[in-house]
Participant: 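Below you will find the structure I want to go over with you.
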Amino acid sequence: MKAPTTAVGSQHWLFKSEPTEFSIDDLQRVGREAWTGVRNYQARNYMRDAMQLGDLAFFYHSNCAVPGIVGIGRISRKASADPTQFDPDSAYYDPKSQPDHPRWQCVQLGFERKLKRCISLHEISQKAAALGNLALLQRGNRLSILPVTAPQWNFILSLE
DNA sequence: GCCAACGTTGGC
DNA sequence: GCCAACGTTGGC
């Protein structure tokens, strides 16, 4: 018997986005968005190797007045080649990536809902003891896509 | 705007 | 493979 694969939609993630670039309101308006432009190998590996259709993700506003979690999205398409890597006009163009061996991948994130209120990084930091080693709170973390455990997910949502 | 904490690049 | 230089992230 084959080992069971990870159940569809059973995992949780956190996606960072600068609201001046792409906010939760933008996601709500367009409904779904290909998460292009990730140029970090670890973040890519999370998308390419781990994310399953239906996984849930916190939508986090970074580099803004009140950084924090503002909404929820859901993986609506599994990873595929990020087209911006082949577009010379794109800010994310990667001349070293070959079309037959794409270096970068992206998933599609669908809008699920906005939180009733922003759960700020400040507030999350204050609850650090209850959250264990939440990747978001790890020192020096700069990844734009982070894993969240089910207990962490449930605890953060309970703050809403 | 500052700056700590990275990840990446490229010379050697 | 080492590592200095450089670029980026992102909170503050």
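Per chain, numbering begins at 1; letters A, B, ... match sequence-line order.
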Participant: Hydrogens and angles aside, do A:Arg142 and A:Ser62 bring a side-chain donor and acceptor to less than 3.5 Å of each other?
Facilitator: no
Participant: Is the shortest distance from a Lys or Arg side-chain nitrogen in A:Arg103 or A:Asp94 to a carboxylate oxygen in the other one below 4.0 Å?
Facilitator: yes
Participant: Nearest heavy atom decides the nucleotide; on that basis, is A:Lys96 or A:Gln42 closer to the 5' end of DNA chain B?
Facilitator: A:Gln42
Participant: Does A:Asn63 or A:Asn141 map to a spot on DNA chain B nearer the 5' end, using the closest nucleotide for each?
Facilitator: A:Asn63
Participant: Does one side chain, of A:Asp82 or A:Thr84, offer a donor that lies under 3.5 Å from an acceptor on the other?
Facilitator: yes
Participant: Between A:Thr149 and A:Gln152, is any side-chain donor less than 3.5 angstrom from a side-chain acceptor?
Facilitator: yes
Participant: If you walk 5' to 3' along DNA chain C, what is the first nucleotide with an atom under 4.0 Å of a heavy atom in chain A, and what is the last?
Facilitator: C:dG7 to C:dG11
Participant: Going by the rule side-chain contact (heavy atoms from CB on, under 4.5 Å), which residues pair with A:Arg77 if we only count those two or more places apart in sequence or in a different chain?
Facilitator: A:Ala34, A:Ser80, A:Gln108
